[in-house]
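Data first, discussion second: the structure below is written as structure tokens.
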Amino acid sequence: MNDMKLRPYFGKYDYQYLERWINDRRVHALWCAGLIPYPVTAEAVADILEKDAREWGGHAYIATGAEHEPIGFFCYSVNPGDNSGFLKFVILNPDLRGQGYGTQMIQCALRYAFDITGVDSVRINVFDVNTAARRCYEKAGFRLERTTEAAFRYGEECWGRCGLVIRCQDYRKAE
């Protein structure tokens with residue numbers, strides 16, 4: 001696990017992994033909150049990534065393992081107005097969940113955010129029903145900042161949205 005690296009997402013090559021990992025409607029909703037139609041298509045992913053880049057300066061990344069195999073995906077953007085970063089569209093290969101890979105991927109993303117982009121804080125949102133993802137983010141150092149009740153409807157369910165944050169000084173203390 002210690003050989004994890006980040007690289008840019010290459011849609012023509014990497015989309016196959018997203019298609020495999022986003023393998024049902026609930027996973028899809030947890031991943032993108034319905035911002036992309038289900039089932040996910042390469043064109044829809046390209047469109048949302050282009051919009052994210054244009055509107056928020058976002059970029060997509062693939063986390064790779066020791067053999068350079070893709071194991072996870074996320075987008076990251078910087079808000080220069082308040083010098084904060086934002087992680088979104090985070091997903092891990094479902095075969096690797098529960099083994100520490102997600103936390104390691106988030107730690108790689110935080111290293112990039114704080115050491116390369118120089119932000120003061122990084123935020124991430126997670127639905128309250130996604131307890132495994134929230135535990136992963138908290139294990140990486142994120143803390144609850146706010147909760148928005150009834151932020152998203154999935155079928156008959158109504159999910160709350162938890163806004164988590166990690167500040168640079170807290171990240172540095174934990175290193």
Side-chain angles (χ1 to χ4, degrees), residues 4-9 18 21-22 26-36 40 44-45 47-63 71-93 96-98 100-154 157-175:
M4 188 175 291
K5 304 271 192 273
L6 300 179
R7 66 164 174 78
Y9 170 81
L18 291 180
W21 300 339
I22 303 164
R26 187 177 184 86
V27 167
H28 169 266
L30 290 168
W31 177 67
C32 74
L35 294 174
I36 300 171
V40 174
V45 171
D47 289 348
I48 197 77
L49 295 180
E50 179 186 328
K51 180 180 181 189
D52 186 53
R54 191 176 58 250
E55 293 181 8
W56 303 104
H59 298 282
Y61 297 89
I62 288 284
I71 61 171
F73 170 91
F74 65 90
C75 291
Y76 173 72
S77 59
V78 173
N79 178 345
D82 66 359
N83 197 36
S84 67
F86 193 77
L87 290 170
K88 55 198 159 247
F89 300 120
V90 176
I91 194 159
L92 188 71
N93 178 340
L96 302 176
R97 292 182 188 150
Y101 288 97
T103 301
Q104 188 180 2
M105 180 176 74
I106 296 301
Q107 289 168 338
C108 284
L110 292 174
R111 229 177 354 268
Y112 177 79
F114 292 123
D115 295 347
I116 304 300
T117 68
V119 294
D120 296 326
S121 63
V122 176
R123 288 180 169 72
I124 193 167
N125 289 328
V126 63
F127 289 119
D128 59 1
V129 297
N130 198 348
T131 54
R134 182 169 171 184
R135 264 194 316 273
C136 169
Y137 304 148
E138 289 174 342
K139 193 172 181 181
F142 281 91
R143 297 294 169 248
L144 182 65
E145 184 175 48
R146 72 190 175 294
T147 302
T148 305
E149 299 298 325
F152 183 77
R153 180 164 294 287
Y154 176 75
E157 300 174 50
C158 203
W159 299 345
R161 183 178 56 240
C162 302
L164 308 176
V165 65
I166 182 170
R167 302 201 189 302
C168 186
Q169 64 267 22
D170 297 328
Y171 168 79
R172 298 281 181 230
K173 285 180 199 170
E175 279 187 306

Quick one: closest heavy-atom pair of V119 and Y76, and the distance?
CG1-OH, 3.5 Å

Check side-chain hydrogen bond (donor to acceptor under 3.5 Å, both in side chains) between D52 and all other residues, then give those that pass, not counting sequence neighbours.
K88

What's the separation between atom CZ in F74 and atom CZ in F86, rounded to the nearest 0.5 Å?
13.5 Å

Side-chain heavy atoms of I48 within contact of F89, under 4.5 Å:
yes

Atom of L110, atom of A140 and distance for their closest heavy-atom approach
CD1-O, 3.7 Å

Check whether any side-chain heavy atom of I36 lies under 4.5 Å from a side-chain heavy atom of W31, and answer yes or no.
yes

List the atom of H28, the atom of G34, and the distance in Å for their closest heavy-atom pair.
CE1-CA, 4.3 Å

Nearest heavy-atom neighbours spanning G102 and L92
N-CD2, 3.5 Å

Spatial distance of atom OH (Y171) from atom CD (E175) [nearest 0.5 Å]:
4.5 Å

Salt-bridge present (R135, E138; N to O < 4.0 Å):
no

Report yes if some heavy atom in the side chain of K139 is under 4.5 Å from a heavy atom in the side chain of I106; otherwise report no.
no

Derivation and outcome, side-chain contact (heavy atoms from CB on, under 4.5 Å), residues V126 and F142
CA-CA 11 Å; V126 63; F142 281 91; over 6 Å; no

Taking all atoms of both residues into account, what is the closest heavy-atom pair of A29 and Y154, and its distance?
CB-CD1, 3.6 Å

Output, in order, the C-alpha distance, side-chain angles, deciding distance and verdict of side-chain contact (heavy atoms from CB on, under 4.5 Å) for V122 and F114.
CA-CA 8 Å; V122 176; F114 292 123; 3.8 Å; yes

Kindly compute the distance separating SG (C136) from CD (Q107), expressed to the nearest 0.5 Å.
8.5 Å

Mutual orientation of the aromatic rings belonging to F152 and W159 [parallel < 30°, tilted 30-60°, perpendicular > 60°]
tilted

Nearest 0.5 Å, please: how far is CG in D82 from OG in S121?
6.0 Å

Counting C-beta onward and ignoring hydrogens, is there a side-chain heavy-atom pair between I91 and I22 closer than 4.5 Å?
yes

List the atom of N125, the atom of G163, and the distance in Å for their closest heavy-atom pair.
OD1-CA, 3.4 Å

For a 4.5 angstrom cut-off between non-hydrogen side-chain atoms, does Y137 reach L87?
no

Enter the distance from D47:CG to L35:CG here, rounded to the nearest 0.5 Å.
12.5 Å

Please test V45 against L18 for side-chain contact (heavy atoms from CB on, under 4.5 Å), starting from the C-alpha separation and ending with a verdict.
CA-CA 9 Å; V45 171; L18 291 180; 4.0 Å; yes

Checking Q104 against I71 for the side-chain contact (heavy atoms from CB on, under 4.5 Å) test, could you report, in this order, the C-alpha distance in whole Å, the side-chain angles of both residues, the deciding distance, and whether it holds?
CA-CA 11 Å; Q104 188 180 2; I71 61 171; over 6 Å; no

What distance separates F73 CZ from Y61 OH, expressed to the nearest 0.5 Å?
11.0 Å

Residues forming a side-chain hydrogen bond (donor to acceptor under 3.5 Å, both in side chains) with D120, sequence neighbours excluded
N83

Of all residues at least two apart in sequence or in a different chain, which pass the side-chain contact (heavy atoms from CB on, under 4.5 Å) check with E145?
R123, V165, R167

